[in-house]
Amino acid sequence: MKSLEIHTVESSRVSQTDFDNLEFGRVFSDHMFEMEYRDGEWQNPKIIPYGPISFTPALNVFHYGQAVFEGMKAYFVDEETIHLFRPRDHHNRLNFSCRRICIPETGYDQFIQALETLLRLDARWVPEKKGRSLYVRPVIFASEEYLAAKASRFYRFYIITSPVGAYYSEGFNPVSLTTSGKYVRAVRGGTGEVKTAGNYAASFLPAQKAQEEGFTQVLWLDAVEGRYVEEVGTMNIFFKIDDKLVTPKLSGSVLNGITRRSVIELANHEGIPIEERRISIDEVMEAGREDRLEEVFGSGTAAVISPVDRIHHEGEVIDIGQGTIGPIAKKMFDTITGIQYGELDDPFGWTHPVKVKSPEESLS
Ligand code: COI
């Protein structure tokens with residue numbers, strides 16, 4: 001592991017930050033991690049003040065989108081402890097994405113050292129109130145100035161952090177979904193199961209159309225038959241039908257969500273019957289018509305657990321739970337967030353505690 005250089009800010013911006021009005025991903029903490037790949041190895045890991053980076057428009061990533069990222073969160077537990085949620089799983093997924101997009105993998109020791117150092121320096125940016133957290137965004141992109149459409153020889157790895165509240169303006173209130181119509185998100189063998197920039201760019205037009213029609217997000221169906229439910233694009237999806245939780249199985253085009261995995265592990269632990277299998281939109285709509293669709297909720301790092309109260313598909317709308325939050329969604333939300341904030345025991349070993357010095361010793 002290369003040694004980490006640290007350059008701190010002269011004065012923190014934290015006191016100018018309005019923690020009561022946090023729009024997701026708008027405000028960034030004082031420091032960021034930077035590392036570069038050249039001559040066949042990752043090198044020069046640094047913590048530096050958050051700020052602009054300078055490149056020419058010829059950068060490979062701007063043209064061909066060779067970029068991967070992660071979304072993870074850090075939670076305030078007490079004045080001396082911050083919890084990172086499942087950092088090893090996030091790092092494994094980052095490397096999985098790297099392999100698919102032809103980006104060199106990074107080592108876990110360097111990753112966790114960077115995260116712990118960032119969190120210690122920017123401990124005061126971790127919001128204290130429940131419902132808020134510090135969103136951690138690692139991103140790796142091709143940084144060669146070269147227009148040939150091939151994998152770059154150079155890369156940059158950044159980790160930036162951002163204090164956030166709820167992802168959706170609805171908060172922990174139900175959101176509504178509409179199926180994807182003529183658009184598809186991903187096909188098996190493509191890049192749907194990795195966290196790469198292009199997946200999100202391709203989803204913006206359908207997401208805009210969904211919002212114009214009054215829905216929060218798109219419910220993506222499989223690209224081959226347009227029949228099987230896949231995911232929501234910013235979260236995975238769960239249905240409670242006839243007393244059983246069902247979530248689409250990982251088909252090669254669905255993102256392997258870390259919160260999805262947490263919900264499945266928790267359901268198994270609590271004895272809640274759960275199935276990972278193909279589920280068609282017809283099965284969902286029929287269960288909705290027959291009042292057997294008891295709950296629907298999404299799961300994701302940014303969204304945590306997000307109840308769904310309306311699904312639109314081909315002109316038909318089903319309402320779920322009359323705008324209320326279902327008991328399983330609530331149980332999942334309360335337990336996962338309870339573990340994240342250190343209020344509940346963590347029998348799964350999901351949390352990675354980071355000990356910070358007293359707030360006075362971190363930057364003010
Ligand atoms: C996350 O849940 O962390 C994501 O990366 C989804 C998003 C694009 C905000």
Side-chain angles (χ1 to χ4, degrees), residues 22-29 65 67-75 83-98 100-101 111 115 126-127 131-141 157-172 175 177 180 185-186 191-208 210-211 216-220 230-238 247 250 253-264 297-308 329 332-333 336-337 340 350 352:
L22 291 170
E23 191 189 333
F24 182 89
R26 278 264 184 233
V27 179
F28 300 94
S29 66
V68 297
F69 70 94
E70 267 304 311
M72 52 194 290
K73 276 181 175 169
Y75 297 85
H83 272 172
L84 268 168
F85 192 65
R86 307 191 77 162
R88 195 173 274 279
D89 295 297
H90 282 283
H91 184 258
N92 283 340
R93 193 173 62 180
L94 184 65
N95 274 345
F96 178 72
S97 302
C98 282
R100 177 64 180 85
I101 305 297
F111 180 73
L115 285 172
V126 184
R132 299 177 192 166
S133 56
L134 190 71
Y135 187 74
V136 178
R137 171 54 65 88
V139 59
I140 307 180
F141 59 85
F157 181 6
Y158 288 89
I159 304 177
I160 56 175
T161 68
S162 169
V164 296
Y167 182 70
Y168 294 118
S169 56
E170 288 88 343
F172 183 50
V175 298
L177 307 176
S180 43
R185 175 183 172 273
T191 59
E193 63 179 347
V194 300
K195 238 171 148 55
T196 184
N199 288 349
Y200 294 81
S203 73
F204 294 160
L205 176 69
Q208 265 174 19
Q211 276 153 24
T216 320
Q217 278 279 335
V218 176
L219 179 62
W220 294 103
E230 298 224 310
E231 61 162 89
V232 178
T234 50
M235 50 187 195
N236 296 107
I237 190 89
F238 289 82
T247 192
L250 301 176
S253 50
V254 173
L255 189 78
N256 186 351
I258 312 282
T259 314
R260 172 187 184 276
R261 210 177 304 162
S262 307
V263 170
I264 295 170
F297 61 88
S299 67
T301 295
V304 195
I305 298 293
S306 188
V308 174
M332 292 295 164
F333 180 83
I336 292 173
T337 56
Q340 288 168 331
W350 288 339
H352 176 98

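Start at 1 and go down the list; that is how both ligands and their atoms are numbered. Computed from heavy atoms alone, side chains included, the values below leave out hydrogens, waters and symmetry copies. The residues of the chain are indexed from 1 along the displayed sequence.
Contact annotation: the side chain of Arg260 approaches that of Thr247 to within less than 4.5 Å [non-hydrogen atoms, C-beta and beyond]. Within the 4.5 Å cutoff, the side chain of Thr301 has heavy atoms near those of the Tyr135 side chain. Taking 4.5 Å as the limit, some side-chain heavy atom of Val263 sits within range of a side-chain heavy atom of Phe297.
Heavy-atom proximity to Tyr135, at under 4.0 Å, picks out these atoms of ligand 1: 1 (C), 3 (O), 4 (C), 5 (O). Atoms of ligand 1 lying under 4.0 Å from any heavy atom of Tyr167, numbered from 1 in the order shown and given with element: 9 (C). For ligand 1, the atoms closer than 4.0 angstrom to any heavy atom of Phe69 are 5 (O). Close contacts between ligand 1 and Arg137 involve ligand atoms 5 (O) [criterion: under 4.0 Å to a heavy atom].
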Derivation of the side chain to side chain contact (heavy atoms under 4.5 Å, CB included) call for Phe238 and Ile264:
CA-CA 10 Å; Phe238 289 82; Ile264 295 170; 4.1 Å; yes
Candidate pair Met235 and Thr259, rule side chain to side chain contact (heavy atoms under 4.5 Å, CB included), full reasoning
CA-CA 9 Å; Met235 50 187 195; Thr259 314; over 6 Å; no
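With hydrogens left out, the protein atom closest to atom 5 (O) of ligand 1 is Lys195 NZ, 2.8 Å, a heavy atom. The closest protein non-hydrogen atom to atom 8 (C) of ligand 1 is Tyr200 CE2, 3.4 Å. Taking atom 2 (O) of ligand 1 as the reference point, the nearest protein heavy-atom neighbour is Ala302 N, 2.9 Å.
Proximity of Glu70 to ligand 1, defined as any heavy-atom pair under 4.0 Å, is not found for any part of the residue. Under 4.0 Å from ligand 1, not a single heavy atom of His90 appears.
For ligand 1, the polar-atom distance check against Met72 finds no nitrogen or oxygen pair separated by under 3.5 Å.
Taking a cutoff of 4.0 Å between a charged side-chain nitrogen and a carboxylate oxygen, Glu231 and Arg185 qualify as a salt bridge.
Under a 4.0 angstrom heavy-atom cut-off, Met235 registers as lying outside contact with ligand 1.
Using modelled atom types, one finds no donor on one side chain facing an acceptor on the other under 3.5 Å when comparing Ser133 with Gln340.
Contact between Ile336 and Ser262 at its shortest, heavy atoms only, is CD1-CB, 4.2 Å.
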